[in-house]
Amino acid sequence: MRLSFVLVVLFYSFSSLATPWEKEKSPTTNSTSSIGSYANGCLDGAQALPINGVGYQIIRPQRERYYGHTEAIQFIERLGLTTSEQLGTNLLIGDISLPRGGRFSSGHSSHQTGLDIDIWLRLTDKRLSENELAVPKPVSAVDLTNYKLRQSNWTDDHFQVIRHAAKDEKVVRIFVHPVIKQALCDQEVSDVKQREWLGKIRPWWGHHSHFHVRLKCPEGSANCIPQALPPKGDGCGEELASWAPKTIPVPPPKKVATNKKKKKIKVMPSQCLALISNK
């Protein structure tokens with residue numbers, strides 16, 4: 001009862017701040033197409049990922065961020081099946097996209113075209129209950145204060161899951177915390193050819209309790225703006241080392257600016273505006 005009350009309160013608080021995209025509760029009936037860029041676009045003909053599938057479950061389903069391009073849905077189902085059959089564990093799937101893609105009121109600037117997928121680093125041997133899925137507890141694989149891996153929260157299963165994901169031909173990039181990228185680099189001991197998947201693993205702050213998968217623009221999505229291919233190589237050398245914090249003198253406090261410039265709102269593709277009722 002207490003959980004239900006909390007969810008009701010959160011729902012009404014969220015509704016007052018919702019973007020027009022969050023107010024759309026169903027996808028269009030058109031064929032699936034990703035439009036625009038990952039951080040400024042939408043999704044026509046979205047497909048819903050089932051809440052519970054083989055090798056995965058969706059967390060926080062009440063937020064309705066489990067819609068994606070058909071290729072995203074198929075990717076998750078492929079990875080879930082591999083995770084279940086080969087590792088005997090389950091994935092927790094976070095945000096994908098809204099029923100028609102577009103902007104969230106909080107949490108992400110990307111995830112707008114149904115091609116971005118958050119997968120938690122909390123792997124579960126047992127299926128979570130409905131209540132546990134509604135209010136899940138994340139697990140961080142990084143000691144953020146000391147910039148090092150939390151060995152107790154990192155297993156070979158994490159390495160294998162991310163490796164399987166990166167080797168999928170539909171994946172263009174996977175974002176992880178730099179410390180996690182280093183762990184992956186250290187664990188892959190194969191020759192140069194077998195290390196190519198590491199080039200897709202891109203260090204990015206904030207990704208210490210989940211990894212963020214980004215798929216290529218699918219065939220048939222003529223208005224999808226593609227992600228640039230990552231640099232050549234495995235990215236495990238100087239590039240990765242440059243992310244490590246350096247000890248520097250503490251700068252004096254900055255003066256608070258009185259006139260802050262407002263961020264310029266990106267203009268959505270015209271094809272996207274046709275997908276929402278409240279423009």
Taking atom types as modelled and ignoring hydrogens, do the side chains of Asp44 and Thr28 form a donor-acceptor contact shorter than 3.5 angstrom? yes
So do the side chains of Val176 and Pro203 get within less than 4.5 Å of each other, counting heavy atoms only? no
Atom pair CZ (Arg163) and NZ (Lys167), whose distance is rounded to the nearest 0.5 Å: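 Rounded to the nearest 0.5 Å, the CZ-NZ separation comes out at 3.5 Å.
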Determine, using the 4.5 Å side-chain heavy-atom cutoff (strictly less than), whether Tyr66 and Leu133 are members of one ILVMFWY cluster.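 Different clusters: Tyr66 never reaches Leu133 through Ile, Leu, Val, Met, Phe, Trp or Tyr contacts under 4.5 Å.
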Are Trp120 and Phe211 packed together at the side-chain level, in the sense that at least one heavy-atom pair is separated by less than 4.5 angstrom?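 Answer no - side chains too far apart.
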Just by modelled atom types, is the Arg150 backbone N or O under 3.5 Å from a matching donor or acceptor in the Asp143 side chain?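 Flag not set: sc Asp143 to bb Arg150 has no pair under 3.5 Å.
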Using only atom types and a distance under 3.5 Å, with no angle test, would you say the side chain of Lys181 pairs donor to acceptor with the backbone of Ile201?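 It does hold such a pair.
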Hphob cluster co-occupancy, Ile76 + Ile174, side-chain heavy atoms under 4.5 angstrom: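 Linked, Ile76 and Ile174 end up in one cluster.
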Decide side-chain contact (heavy atoms from CB on, under 4.5 Å) for Gln227 and Arg173; before the verdict, give the C-alpha distance in whole Å, the side-chain angles of both, and the deciding distance to 0.1 Å. CA-CA 8 Å; Gln227 168 79 67; Arg173 293 189 179 213; 3.5 Å; yes
Are His177 and Trp204 an aromatic pair, judged by ring center distance below 6.0 Å?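 Distance test on ring centres: not under 6.0 Å, no.
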Taking atom types as modelled and ignoring hydrogens, do the side chains of Asn40 and Arg103 form a donor-acceptor contact shorter than 3.5 angstrom? yes
Working to the nearest 0.5 angstrom, can you tell me the gap between Arg60 CZ and Leu92 CG?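 So the gap between those two atoms works out to 10.5 Å.
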Interatomic spacing from CG in Leu87 to CG in Asp125 - rounded to 0.5 Å: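 Interatomic distance, Leu87 CG to Asp125 CG, rounded to 0.5 Å: 10.0 Å.
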Do Arg214 and Phe175 form a cation-pi contact, if we require the NZ or CZ to be under 6.0 Å from the six-membered ring centre and within 45 degrees of the ring's axis?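 No, Arg214 does not lie over the aromatic ring of Phe175.
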Tell me if a side-chain donor or acceptor on Thr32 pairs with a main-chain N or O of Thr70 at a distance below 3.5 Å.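 Here the side-chain-to-backbone pair does not exist.
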Kindly assign one of parallel, tilted or perpendicular to the pair His207 and His212, based on the angle between their ring planes and the thresholds 30° and 60°.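 Tilted.
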Are Phe75 and Val54 linked, directly or through intermediate hydrophobic residues, by side-chain heavy-atom contacts shorter than 4.5 Å (ILVMFWY only)?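 Cluster IDs for Val54 and Phe75 differ.
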Are any non-hydrogen side-chain atoms of Ser106 and Leu17 less than 4.5 angstrom apart? no
Treating Arg127 as the side-chain partner and Tyr56 as the backbone partner, does any N or O pair qualify as donor plus acceptor under 3.5 Å?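 The answer is yes, because a donor-acceptor pair under 3.5 Å joins these two groups.
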Just by modelled atom types, is the Thr155 backbone N or O under 3.5 Å from a matching donor or acceptor in the His158 side chain? yes
Minimal heavy-atom distance between Trp154 and Ala141, with the atoms involved, is CE3-CB, 4.0 Å
Leu79, Leu128: one ILVMFWY side-chain cluster at the under-4.5 Å cut-off?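 Leu79 and Leu128: separate clusters.
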Would you mind telling me which of Arg202, Arg195, Lys200 makes a salt bridge (charged side-chain N to carboxylate O under 4.0 Å, His left out) with Asp234?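 Exactly one candidate clears the test, Arg195.
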Point-to-point distance, once rounded to the nearest 0.5 Å, from CD1 of Ile35 to OG1 of Thr113: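 It comes to 10.0 Å.
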Hey, is the main chain of Glu71 close enough, under 3.5 Å, to the side chain of Gln74 for a donor-acceptor pair?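 No; zero donor-acceptor contacts below 3.5 Å.
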Asp116 and Ile96: CA distance, side-chain angles, deciding distance, side-chain contact (heavy atoms from CB on, under 4.5 Å) verdict: CA-CA 6 Å; Asp116 290 295; Ile96 311 174; over 6 Å; no
How close do Ile73 and Ala48 get, heavy atom to heavy atom, and via which atoms?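 Nearest heavy atoms, Ile73 then Ala48: CD1-C, 4.2 Å.
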Same apolar cluster (I L V M F W Y, side chains within < 4.5 Å links), Val139/Ile119: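 No, Val139 does not connect to Ile119 through the hydrophobic network.
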Is the ring pair His111/His108 parallel, tilted or perpendicular, if the boundaries are 30 and 60 degrees?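 Tilted, since the angle between the ring planes falls between 30° and 60°.
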Assess the residue pair Gln187 and Asp156 against the criterion (side-chain contact (heavy atoms from CB on, under 4.5 Å)); give the C-alpha distance rounded to whole Å, side-chain angles, the decisive distance to 0.1 Å, and a yes or no. CA-CA 9 Å; Gln187 284 182 251; Asp156 185 62; 3.8 Å; yes
Test item: Ser84 side-chain N/O and Leu81 main-chain N/O as donor-acceptor pair under 3.5 Å: no
Indicate yes or no: at least one non-hydrogen side-chain atom of Asn223 is less than 4.5 angstrom from one of Pro269.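 No; the side chains remain at least 4.5 Å from each other.
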Verdict with reasoning, Arg63 to Asp95, per salt bridge (Lys or Arg N to Asp or Glu O under 4.0 Å): CA-CA 9 Å; Arg63 302 206 303 183; Asp95 293 344; 3.1 Å; yes
Does Ser221 reach the side chain of Ser33, with side-chain heavy atoms less than 4.5 Å apart? yes
Which heavy atom of Lys137 sits nearest to which heavy atom of Arg122, and what is that distance?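 Where Lys137 meets Arg122 most closely, the heavy atoms are O-NH1, 3.0 Å.
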Ile93 vs Ile59 side-chain heavy atoms within contact, under 4.5 Å: no
What I'd like to find out is whether the side chain of Tyr38 reaches to under 4.5 Å of the side chain of Leu115, using heavy atoms alone.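 Heavy-atom side-chain distance check passes, below 4.5 Å.
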Restricting to non-hydrogen atoms, name the atom on Leu91 and the atom on Leu123 that form the minimum distance, rounded to 0.1 Å. CD2-CD2, 3.8 Å
Non-hydrogen atoms of Pro178 and Tyr147 that approach each other most closely: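 Closest approach of Pro178 to Tyr147: CB-OH, 3.2 Å.
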Modelled atom types, side-chain donor and acceptor of His69 and Ser34, under 3.5 Å: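 Checked: His69/Ser34 side chains show no N/O donor-acceptor pair below 3.5 Å.
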Do you know which two heavy atoms are closest between Ser242 and Lys246, and how far apart they sit?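 Between these two residues, the closest heavy atoms are O-NZ, 3.7 Å.
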Do you know which of Gln112, Glu24, Lys25 makes side-chain contact (heavy atoms from CB on, under 4.5 Å) with Arg100?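 Single side-chain contact (heavy atoms from CB on, under 4.5 Å) partner of Arg100 among Gln112, Glu24, Lys25: Glu24.
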Any side-chain donor near an acceptor of the partner, Glu22 and Ser105, under 3.5 Å: yes
Does the side chain of Ser140 pick up a donor-acceptor pair with the side chain of Ser209 at under 3.5 Å?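 Looking only at side-chain atoms, Ser209 and Ser140 do not form any donor-acceptor pair under 3.5 Å.
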Beyond-backbone contact of Val142 with Ile180, side-chain heavy atoms, under 4.5 angstrom: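 Heavy-atom side-chain distance check passes, below 4.5 Å.
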Return the orientation label for the Trp197 and Phe159 ring planes: parallel under 30°, perpendicular over 60°, tilted otherwise. perpendicular
Could you walk me through whether Leu215 and Val172 pass the side-chain contact (heavy atoms from CB on, under 4.5 Å) check? CA-CA 5 Å; Leu215 303 186; Val172 66; over 6 Å; no
Examine distances only and state if a side-chain atom of Thr82 and a backbone atom of Arg78 form a donor-acceptor pair shorter than 3.5 Å. yes
